[in-house]
Every structure is written in C-alpha cells, then in structure tokens.
A.B. asks: 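Questions regarding the structure given below will be posed in turn.
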Amino acid sequence: MQTVVTRFPPSPTGYLHIGGARTALFNWLLARSMGGRFVLRMEDTDVERSSNEMTESILEAMRWLGLDWDEGPYYQSQRFARYQHFIDELLDRGMAYYCSCTPEEVEQMREEARKKGEKPKYNGRCRERDLGPGPERVIRFKSPLEGETAFQDILKGNVAVDNRELDDFVLRRADETPTYNLAVVVDDLDMQITHILRGDDHLSNTPKQVLLYRALDAELPVFGHVPMIMGSDKKRLSKRHGAMSVLEYRRQGYLPEAMCNYLARLGWSYGDQEIFSSLDELVEKFSLQNLSKSACVFDPDKQSWVNSQHIKAATPQSLAPILGDFLEANDLPRSEPPFLEQLIPLLQPRAKTMQEMAQWAAPFVRGDDELSYDSGLVEKFITSEVAAYLQRMQTDLRDLQRFDRESLESYMSRFLEQQGIRFKHMAQPIRVALTGSKASPGLFETMELLGRESVLTRLERALQLTEA
RNA sequence: GUCCCCAUCGUCUAGCACGGUCCAGGACGCCGGCCUCUCACGCCGGUGACGGGGGUUCAAAUCCCCCUGGGGACGCCA
C-alpha cells in the first residue's frame, strides 16, 4: 500500500485561524494515524499580500499546537520555475493559451452573463486567437466546453459539475506569477500528496484542479472537503466572533492539547467521548469515517470547558512553567517552580484558563506587603468583634507546633469551640485578611501554603487597617 | 442571479451505509438540588431536537422525491 502523504498549505496573508488550524490538525492526524507523512507548504504566490511576519506567526502557531511536519516548509514563491515548466507544457499541448483581455474587459463579460441570468465567467474570447506572449497577457487554461467533471470526495461522495459552469481560468497572471489553482496541483503532484483534506469552501475549485490533473495525465489524490466552522450567527468566522489567531488563544490561557481536543471535536467525533487527553490519543482514535458533513458553530463556552478539563487533568509540573509565563505577563512575581507546583493543585479546580489561574495565584505570589486590600471588604468582614477573635488567633498561631492543614484545621475547631462561635463567622474575615479577596482556595490549604510568617503578617496588616 | 454542498436539542454530536432494540443517547450551556469556610470543582435531577410535505414499507431519524432553510463558490486571492 502506498504511504499516505497529507499537507497543510496556509497562505501567509493572515494569521493561522481556527478553521485553518482544524484543517491542519485533520491532515496531521490522518498522516500520523496512517503512519504517513505530513508536508507544510506556504502558498505565497500572491507576493503582494504575503509577509514574513505571517509566515513566522503561522509556524509558531503550528509548533504551539504540536503539529510537527516531516517536510517543508516549502515556499511556492521559490518554485516559480517549476510552475512555468508545467505552464509551458500545457501551452505546447494546446491546453492553455495567451489572453490579452484586460481585467476590466473580463469584468464586463461577467456583468453581461449576470444580466442574462447566467453564471458570471470569462467568455473565451482569446481562446482561438492563437496569441503569443506579450505584455499584460495572461495564460488561461482551455476548459472543456461540454460534458461534466466529476470526482469522488470522501465526505460528499460523488461530486459532479457541468463543464459549462467552468470557464477558462487564469494559470499565469500578467506579472507572470502562477495562480493558486495551477500551483497547488503542481505542488501536490511534486510532493506526492495522496490525501487532500481542506475546507468546504474549496469544493467548487476542485473541478478546475481535476481538469488540470487530467491535462497533466496525473492520477487524482483522495479529496475530502470538511465543513466549515462558523460563528454563533452561522456566518463565516471573523473578527466579530472573537480571537482570530490561534496564538490569541494561547495568550488567553488555553492549553494546546485543549485547543486540539476542541478543534478535533468540531466536525469529528468518537462515539460519546469529549475529552482526548493528548495528540497521541487523537492519533490513535482518528478516522476519516467519523468526519461529519455539515457545518458547525464554534462555541466558546464548550471550548472553555474543554480547557478547564485539561487544566484539571494536567500535572502541576507541566503547568508550572506556563503559569510562570502568565504571572509574568500579568506583572506578578514569577515565583519558583517548587512553590508553584504546590500552589497549582489548589488552583486547578477553579481556573478555566491559565490567565484565570494567574489571577487566582496573585495573592499567593505577591509579597505580604504588596497584597492590596479592598477597604470595603475589610470593613464588611473584619468587624471589631471579629478583630478580637483574630487577635487571639494570632497568638495561638504563633505558638502552634505544626503549621500544616490538618493541624490548622484541628486547632481551628478547638478555637471555635472555646469561643463558642461558628466557622462561618470567621472564614470570610480570615480569607479577606490573608488574600484580600472574598474568594480563594480552602482556608487551611491557603494558610499552609502561605506559611506561618505570611499568615501572621497578613493578619496583622488587616487588623491595622481596621484600627485606622 | 447561476452552480455546488448541507440539514437530529440553543450549540457540538451519537444513531442513518445493514429501516424495527430511538415516544432518539452523550456533552456544553441553562434551570433546580446536594456538598460546603468563600469561589469553584464534583455529584444528582430537569429543560430541550429528528425543518415541512409527499411517497416506499407491516414499520422511517434512518431509503426516494419536492419544498423550505442554511452554507459555499462564481477573482490576473488562496
């Protein structure tokens, strides 16, 4: 059996967005699950709109997601001679021709067709003029005038288009650069691509490419057009729907495994399973059979839930460096990994994103003096009655033999009993004093992690605030 | 406008290729409850869909047709 070779061909005219990332993921998964190869190729034939910055950003996003490539990245801009070779061949064989019609003239032809209620297209004026090379001339493909062009699609089944719907599309622009349709076919042939998984929006391009494959006497790869991802308004995903670049999700604190997990489940399923812990698990379970045919809506709520599940399942060790980065990004002290690894388990159940985790971590990583108190909170919870209890606790805590959560908890129950009060009355005041916030991880874990000195200092600071 | 594709809860989906086991299952969300030192987590329960109409059949979410709805393409962009 032939090895499977898939590819991902982004155009460096924009960021790697959600849709592109999913296409990349599917192709990568297919290659990996079949023991094949995955090729990365930059489609930068539109020199004007392509940029190095975008190329870098796309590569960065691919690396972040963990989608490694076996070949490339190839750059179409470096392969122009190769495309020219094929164009010459088509010219020689009378399957392509020079056309001197200006863009304005072609637009007029389309306008006329539209007026007649027909499909807007080039009318083939130069088709039989036998023009040679010349300035401002493009090269067009000589499409068949009748019959139909059909191909098999693993998702859509048999797709057929009447050739009268097709026109003589441009192969080479007036500036002598090749167009997309020609370049993809040449590249996919050269790179021996066996499977092409791409967005639904390419479905109507495919017949043109099929025609080129036939003109070149080449065998067709397997096509699979996956449905597009849309925004909540069922419109094409755009800036309105939130982040465009997948790197933006990294910035917001999404984990790459969670990103791949959610993306994979958009248009693909494996029974009732929602959480796939790693790329490896996805590879193991991926199959073309389970791809769905209809468009889907990107749901940030579910994405966020998936992320929270991955955060809960991750090891503190793996999360520590990431949390460190987020602390830094939030102008908080980065803290040492050993401390973070102790802190993280307290935060894992509460954070949906790493950014949120950094927020939760703030009271723990900030020095005792840097902790800021909301005067309203202090006033509300630390009443004079409560302050008296807190003072008594201060003394006790200073002398407490051990400062771990069990000892603290048993001390607390003794204290409450002695004073004849309930924990409910003390919990929030202590929490506010220790963290400056009315929401935090469990009190005893918090105290244990903060340590005796910090706890005493913070209690003291809070008490002073009430006196003032 | 023309052509192509698609159609199960608000959303992601299972089921559809081999029609009965589906008065349709899971997940997110939402609502209610439990747990509880706060916020979360977790647990339990609830809400909620086969777009419509015709066929075929003893029987249709599953097969066929039409309609409707949605999406995509119609570039010297990819």
Side-chain angles (χ1 to χ4, degrees), chain A residues 9-14 43-46 48-50 76 99 101-103 106-107 110 113-122 136-140 153 155-157 159-162 164-167 169-177 179-181 183-184 199-207 225 227-228 230 232 234-236 262 265-275 289-290 292-306 308 312 347-352 356 360 412 422-432 435 437-444 446:
Chain A
S11 167
T13 53
E43 309 228 317
D44 55 353
T45 55
D46 186 347
E48 282 297 301
R49 300 195 308 146
S50 298
Q76 290 192 324
C99 166
C101 300
T102 64
V106 176
E107 185 41 51
R110 283 196 266 262
R114 257 190 288 264
K115 253 186 254 167
K116 283 192 280 182
E118 286 167 8
K119 186 158 194 146
K121 49 182 221 176
Y122 174 67
E136 300 303 306
R137 287 185 184 177
V138 301
I139 297 176
R140 287 178 182 277
D153 184 287
L155 284 111
K156 316 281 187 192
V159 181
V161 175
D162 191 318
R164 281 170 296 204
E165 289 294 319
L166 274 21
D167 68 356
F169 55 94
V170 173
L171 297 174
R172 197 185 78 173
R173 305 181 185 103
D175 65 3
E176 303 195 354
T177 59
T179 59
Y180 163 74
N181 282 116
V184 247
D200 228 341
D201 49 340
H202 281 284
L203 196 59
S204 46
N205 266 324
T206 308
H225 288 90
M228 311 195 50
M230 285 170 305
S232 52
K234 294 265 185 154
K235 292 273 185 286
R236 214 190 175 114
Y262 180 66
R265 280 287 287 103
L266 231 40
W268 175 82
S269 62
Y270 188 76
D272 285 340
Q273 187 171 346
E274 299 286 351
I275 299 299
Q289 315 295 323
N290 305 319
S292 74
K293 306 207 276 184
S294 42
C296 56
V297 172
F298 186 85
D299 180 3
D301 283 337
K302 184 144 186 183
Q303 180 201 20
S304 165
W305 175 80
V306 169
S308 74
K312 284 190 231 314
L347 274 25
Q348 276 172 303
R350 325 186 130 67
K352 285 197 146 106
E356 273 183 34
W360 282 105
M412 183 62 75
R422 306 213 330 196
F423 191 35
K424 269 207 187 310
H425 296 156
M426 294 305 296
Q428 284 304 72
I430 297 174
R431 188 183 320 283
V432 168
T435 67
S437 158
K438 55 182 179 178
S440 83
L443 265 191
F444 304 112
T446 297

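None of these values were measured; they are calculated from a predicted model. Just so we're on the same page: letters track the sequence lines, and every chain starts at 1.
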A.B. asks: What is the distance, to the nearest angstrom, from the CG atom on A/Asp175 to the C1' atom on B/rG75?
C.D. replies: 14 Å
A.B. asks: Below 4.0 angstrom from OP1 or OP2 of B/rU38, is there any side-chain N or O of A/Ser440?
C.D. replies: no
A.B. asks: Listing time: all N or O pairs from protein to nucleotides 63-68 of chain B that are below 3.5 Å?
C.D. replies:
none

A.B. asks: Remember a base hit wins even if backbone is also touched, and classify A/Pro441 as base, sugar-phosphate or nothing at under 4.0 Å, heavy atoms.
C.D. replies: base
A.B. asks: Could I get a table of every N or O pair under 3.5 Å where one atom is in the protein and the other is in nucleotides 29-35 of chain B?
C.D. replies:
none

A.B. asks: Determine if the base of B/rA61 is syn or anti; take syn to mean the glycosidic torsion is within 90° of 0.
C.D. replies: anti
A.B. asks: Provide the distance between the two P atoms, one in B/rC3 and one in B/rU11, to the nearest whole Å.
C.D. replies: 29 Å
A.B. asks: Partners of A/Arg137 by side chain to side chain contact (heavy atoms under 4.5 Å, CB included), sequence neighbours excluded?
C.D. replies: A/Tyr98, A/Ser100, A/Leu131
A.B. asks: Please identify each residue that fulfils side chain to side chain contact (heavy atoms under 4.5 Å, CB included) with A/Thr446, with sequence neighbours left out.
C.D. replies: A/Phe364, A/Thr435, A/Ser440, A/Pro441, A/Leu450
A.B. asks: Using purine N1 to pyrimidine N3 plus N6-O4 or O6-N4 for Watson-Crick, or N1-O2 and O6-N3 for G-U wobble, each under 3.5 Å, what pairs with B/rC23?
C.D. replies: none
A.B. asks: For a quick check of understanding: with a heavy-atom distance under 4.0 Å over all strands, which category does A/Arg110 fall into, base, sugar-phosphate or nothing?
C.D. replies: sugar-phosphate
A.B. asks: Check every strand shown and say whether A/Asn205 touches a base, only sugar-phosphate, or nothing at a heavy-atom separation below 4.0 Å.
C.D. replies: base
A.B. asks: Looking at every heavy atom in both A/Ala113 and A/Pro120, which two are closest together, and how far apart are they?
C.D. replies: CB-CA, 3.9 Å
A.B. asks: What N/O pairs connect the protein and nucleotides 3-7 of chain B at under 3.5 Å? Give each pair on its own line.
C.D. replies:
| residue | atom | partner | partner atom | Å |
| --- | --- | --- | --- | --- |
| B/rC3 | O4' | A/Glu165 | OE1 | 3.1 |
| B/rC5 | O2' | A/Lys156 | NZ | 2.9 |

A.B. asks: What's the gap between B/rG53 and B/rA60 when it is taken at their P atoms, as a whole Å value?
C.D. replies: 14 Å
A.B. asks: Given B/rC39, B/rG72, B/rA78, which nucleotide is nearest the side-chain atoms of A/Arg350?
C.D. replies: B/rC39
A.B. asks: Who pairs with A/Gln303 by side chain to side chain donor-acceptor pair (under 3.5 Å), at least two apart in sequence or on another chain?
C.D. replies: none
A.B. asks: What's the closest nucleotide to the side chain of A/Lys234 if the choices are B/rU11, B/rG42, B/rC76?
C.D. replies: B/rU11
A.B. asks: Categorize A/Lys115 for me: base, sugar-phosphate, or nothing, with a 4.0 angstrom heavy-atom threshold over every strand shown.
C.D. replies: nothing
A.B. asks: Would you say B/rU13 has OP1 or OP2 under 4.0 Å from some side-chain N or O of A/Ser292?
C.D. replies: yes
A.B. asks: Say we look at B/rA17 and B/rC64: how far apart would their C1' atoms be, to the nearest angstrom?
C.D. replies: 15 Å
A.B. asks: Rounding to the closest angstrom, what is the interatomic distance between B/rA27 and B/rC41 at atom P?
C.D. replies: 16 Å
A.B. asks: May I ask you to say what A/Arg422 touches in the nucleic acid, namely base, sugar-phosphate or nothing, with a heavy-atom cut-off under 4.0 Å?
C.D. replies: nothing
A.B. asks: Considering every strand and a 4.0 Å limit on heavy-atom distances, what is the contact class for A/Lys116: base, sugar-phosphate, or nothing?
C.D. replies: nothing
A.B. asks: Across all strands shown, which nucleotide pairs with B/rC74 by Watson-Crick or G-U wobble geometry, both distances under 3.5 Å?
C.D. replies: B/rG1
A.B. asks: Work out how far the C1' atom of B/rA78 is from that of B/rG69, and round it to whole angstrom.
C.D. replies: 29 Å
A.B. asks: Just to be sure I understand the rule, does A/Glu274 reach a base, reach only the sugar-phosphate, or reach nothing, if contact means heavy atoms closer than 4.0 Å?
C.D. replies: base
A.B. asks: What residues form a ring pair (Phe, Tyr, Trp, His ring centres under 6.0 Å) with A/Tyr270, not counting sequence neighbours?
C.D. replies: none
A.B. asks: Between B/rG25 and B/rA14, how many Å separate the two C1' atoms, rounded to a whole number?
C.D. replies: 6 Å
A.B. asks: With sequence neighbours left out, what residues match A/Val432 under side chain to side chain contact (heavy atoms under 4.5 Å, CB included)?
C.D. replies: A/Leu377, A/Val378, A/Phe381
A.B. asks: Counting side-chain heavy atoms from C-beta on, which of B/rG72, B/rU38, B/rA78 comes nearest to A/Thr179?
C.D. replies: B/rA78
A.B. asks: To the side chain of A/Arg265, which of B/rC12, B/rU38, B/rG71 is closest?
C.D. replies: B/rC12
A.B. asks: Identify whether any heavy atom of A/Met228 sits under 4.0 Å from a base atom; if not, whether one sits that close to sugar-phosphate; answer base, sugar-phosphate or nothing.
C.D. replies: sugar-phosphate
A.B. asks: If the condition is salt bridge (charged side-chain N to carboxylate O under 4.0 Å, His left out), which residues does A/Glu136 pass it with, not counting sequence neighbours?
C.D. replies: none
A.B. asks: Measure from the side chain of A/Lys424, starting at C-beta and using heavy atoms only, and say which of B/rC76, B/rC37, B/rG72 lies closest.
C.D. replies: B/rC37
A.B. asks: If you measure from the P atom in B/rA24 to the same atom in B/rG46, how many Å do you get, rounded?
C.D. replies: 13 Å
A.B. asks: Quick check for you: to the nearest 0.5 Å, what is the distance between A/Leu266 atom CG and A/Asp299 atom CG?
C.D. replies: 9.0 Å
A.B. asks: Nearest 0.5 angstrom please: A/Asp200 CG to A/Met228 CE, how far?
C.D. replies: 7.0 Å
A.B. asks: Check whether any side-chain N or O of A/Ser269 sits under 4.0 Å from OP1 or OP2 of B/rC12, and answer yes or no.
C.D. replies: no
A.B. asks: Answer with base, sugar-phosphate or nothing: what part of the nucleic acid does A/Met426 contact at a heavy-atom distance below 4.0 Å?
C.D. replies: nothing
A.B. asks: Looking at residues at least two apart in the chain, or sitting in another chain, which of them share a side chain to side chain contact (heavy atoms under 4.5 Å, CB included) with A/Val161?
C.D. replies: A/Glu165, A/Leu166, A/Pro207
A.B. asks: Look at all strands and tell whether A/Arg431 reaches a base, only sugar-phosphate, or nothing, counting heavy atoms closer than 4.0 Å.
C.D. replies: base
A.B. asks: Looking for any heavy atom pair under 4.0 Å, which part of the strands does A/Gly267 touch: base, sugar-phosphate only, or nothing?
C.D. replies: sugar-phosphate
A.B. asks: Whole Å only: how far is the CG atom of A/Leu171 from the C1' atom of B/rA78?
C.D. replies: 15 Å
A.B. asks: Pick out which of A/His202, A/Glu43, A/Gln76 makes a side-chain hydrogen bond (donor to acceptor under 3.5 Å, both in side chains) with A/Tyr180.
C.D. replies: A/His202
A.B. asks: Under 4.0 Å between a side-chain nitrogen and a carboxylate oxygen: does that hold for A/Asp167 and A/Arg140?
C.D. replies: no
A.B. asks: Side chain of A/Asn181, base of B/rA78: donor and acceptor closer than 3.5 Å?
C.D. replies: no
A.B. asks: Rounding to a whole Å, what distance do you find between A/Leu166:CG and B/rU2:C1'?
C.D. replies: 13 Å
A.B. asks: Contact class for A/Ser437 (heavy atom, under 4.0 Å): base, sugar-phosphate, or nothing?
C.D. replies: nothing
A.B. asks: I'd like to check the salt bridge (charged side-chain N to carboxylate O under 4.0 Å, His left out) partners of A/Lys352; sequence neighbours left out, ordered by chain and number.
C.D. replies: none
A.B. asks: Quickly work out the A/Arg164 CZ to B/rG1 P distance and round it to whole Å.
C.D. replies: 21 Å
A.B. asks: Could I get the full list of salt bridge (charged side-chain N to carboxylate O under 4.0 Å, His left out) partners for A/Glu274, not counting sequence neighbours?
C.D. replies: A/Arg265, A/Lys302
A.B. asks: Side chain of A/Asp272: nearest nucleotide among B/rA78, B/rU38, B/rG26?
C.D. replies: B/rG26
A.B. asks: Quantified in whole Å, what is the P atom distance between nucleotide B/rC63 and nucleotide B/rC74?
C.D. replies: 31 Å
A.B. asks: Check A/Asn290 against A/Ser269 and note the closest heavy-atom contact, atom names and distance.
C.D. replies: CB-O, 3.0 Å
A.B. asks: Give one of base, sugar-phosphate or nothing for A/Val297, where a contact means two heavy atoms less than 4.0 Å apart.
C.D. replies: sugar-phosphate
